[in-house]
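Just so you know, these numbers use all the heavy atoms, side chains as well, and skip hydrogens, waters and symmetry mates. So that the names make sense, note that chain A is the first sequence line, chain B the second, and so on, each numbered from 1.
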Protein chains: 2
Amino acid sequence: MKQQEFEQKVKYFHENMPPQCPILYSMKIIGSKWKIPVMWYLMLNDGQHYNELKRSIGSITNTMLTKSLRELEEDGLLERHSKGTVPPSVTYHLTDTGKNLIYTMGDLFEWGKSLMEKQQ
Amino acid sequence: MKQQEFEQKVKYFHENMPPQCPILYSMKIIGSKWKIPVMWYLMLNDGQHYNELKRSIGSITNTMLTKSLRELEEDGLLERHSKGTVPPSVTYHLTDTGKNLIYTMGDLFEWGKSLMEKQQ
DNA sequence: CGGAATCCTCAACGATACTG
DNA sequence: CAGTATCGTTGAGGATTCCG
């Protein structure tokens with residue numbers, strides 16, 4: 001990245017900044033401990049059931065998985081599909097907004113990866 | 001974004017995933033409350049003094065500003081330049097890694113912005 | 001199977017005061 | 001000017017148990 005590109009980006013940020021910072025807003029939505037893992041394993045295998053997802057993630061508790069799913073649903077990053085049967089059958093699906101988020105994370109993935117490699 | 005692009009990204013993530021997830025790694029570095037604001041105001045005006053930066057951010061305490069600055073320095077996102085004089089004169093400067101991070105946030109900025117607009 | 005309810009712990013953060 | 005030191009608070013997250 002050139003200095004000039006950076007300055008253009010700064011200018012763009014400045015001119016397009018709404019009252020509340022969109023980055024902080026995004027971080028609030030995806031910043032809690034299990035949000036990224038949930039989105040991640042749903043990305044790898046969309047439409048997983050609750051317990052399937054729980055096994056994929058591994059160490060998450062019911063409390064936190066439920067809480068994360070509810071919040072992500074409320075923010076429109078995923079959808080909950082229930083069949084309403086007994087026993088229950090519920091699957092979770094990324095929305096376009098959710099997929100866009102994952103896609104958006106590509107650059108941060110690269111940034112973190114190169115920093116990891118630099119630090120060891 | 002098309003479904004095909006998304007799937008290519010998923011494939012890429014999968015094939016390039018190191019033992020520890022780079023996104024979680026990044027979030028750990030910049031996820032605490034004041035990291036983004038500190039980087040942000042340093043981006044808007046690089047080379048600010050400690051108290052200048054404190055006034056820019058506004059509501060941050062000494063404790064948290066110092067802690068954030070130390071950690072960001074340790075992770076190589078900014079540099080601390082001290083003149084070693086009395087009274088002290090210290091300025092803070094983004095490194096290339098730090099500038100790259102800010103630049104990288106562009107997509108997340110857009111994602112959050114469009115979600116904000118959608119939600120009200 | 002897919003959760004809900006409760007209780008508990010600890011670390012992040014804040015408030016305040018002080019200093020070379 | 002550029003921080004430290006100390007203490008108090010709060011809420012995110014964990015552990016456990018129970019339920020239709």
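- A donor-acceptor pair is defined here as one N or O able to donate and one able to accept, closer than 3.5 Å; no such pair exists between the side chain of B/S89 and the backbone of B/K83.
- Between B/D75 atom CG and B/S26 atom OG the span is 10.5 Å, to the nearest 0.5 Å.
- Side-chain polar atoms of B/K118 and A/T97 form a donor-acceptor pair below 3.5 angstrom.
- Put simply, CD on B/Q48 and CD1 on B/I57 are 8.0 Å apart, with the number rounded to the nearest 0.5 Å.
- A salt bridge links A/K113 with A/E117; the closest basic N to acidic carboxylate O contact falls under 4.0 Å.
- Within a 6.0 Å radius of CD in A/Q4, other residues, nucleotides and ligands contribute 12 heavy atoms or fewer.
- Remark: nothing in residues 25-39 of chain B comes within less than 4.0 Å of DNA chain D through any heavy atom.
- If you measure from atom NE2 of B/H81 to atom C1' of D/dC1, you get 18 Å, rounded to the nearest angstrom.
- Minimum heavy-atom separation, A/L77 to A/I30: CD2-CG2, 4.2 Å.
- Residue A/G31 comes nearest to B/M27 through the heavy atom pair CA-CE, 3.9 Å, listed as atom of the first residue, atom of the second, then distance.
- Rounding to whole angstrom units, CD1 of residue A/I60 and P of D/dG13 are separated by 10 Å.
- Non-hydrogen atoms lying under 4.0 Å from DNA chain D are contributed by A/T63, A/M64, all within residues 62-72 of chain A.
- You can see that DNA chain C meets the heavy atoms of chain A within a 4.0 Å-exclusive cut from C/dC1 to C/dA5, reading 5' to 3'.
- At a non-hydrogen distance threshold of 4.0 Å, B/H49, B/Y50, B/N51 from residues 42-51 of chain B come into contact with DNA chain D.
- Both A/P88 and B/S59 lie close to DNA chain C; mapped to their nearest nucleotides by heavy-atom distance, the more 5′-ward contact belongs to A/P88.
- Between B/Y92 and B/L72, the closest side-chain pair of non-hydrogen atoms is not below 4.5 Å.
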Please test A/L69 against A/Y50 for side-chain contact (heavy atoms from CB on, under 4.5 Å), starting from the C-alpha separation and ending with a verdict.
-> CA-CA 9 Å; A/L69 287 170; A/Y50 181 92; 3.9 Å; yes
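- For B/R55, no side-chain nitrogen or oxygen approaches OP1 or OP2 of D/dA2 to under 4.0 Å.
- Taken to the nearest 0.5 Å, the CG atom of B/L101 stands 11.0 Å off from the CG atom of B/L78.
- The number of heavy-atom neighbours closer than 6.0 Å to CD of B/E52, taken from other residues, nucleotides and ligands shown, is above 12.
- From one end of the helix from C/dC1-D/dG20 to C/dG20-D/dC1 to the other, with five pairs defining each end axis, the axis direction shifts by 60° (rounded to 10°).
- Nearest heavy-atom pair, B/Y12 versus A/F109, reported as atom, atom and distance to 0.1 Å: CE2-CE2, 4.3 Å.
- Taking each heavy atom of B/E5 and A/Y103 in turn, the nearest pair found is O-CE1, 3.8 Å.
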Side-chain polar contacts of residues 33-46 of chain B - donor-acceptor pairs under 3.5 angstrom, sequence neighbours left out - could you list them?
| residue | atom | partner | partner atom | Å |
| --- | --- | --- | --- | --- |
| B/K35 | NZ | B/I29 | O | 2.9 |
| B/K35 | NZ | B/E71 | OE1 | 2.9 |
| B/D46 | OD1 | B/L94 | N | 2.9 |

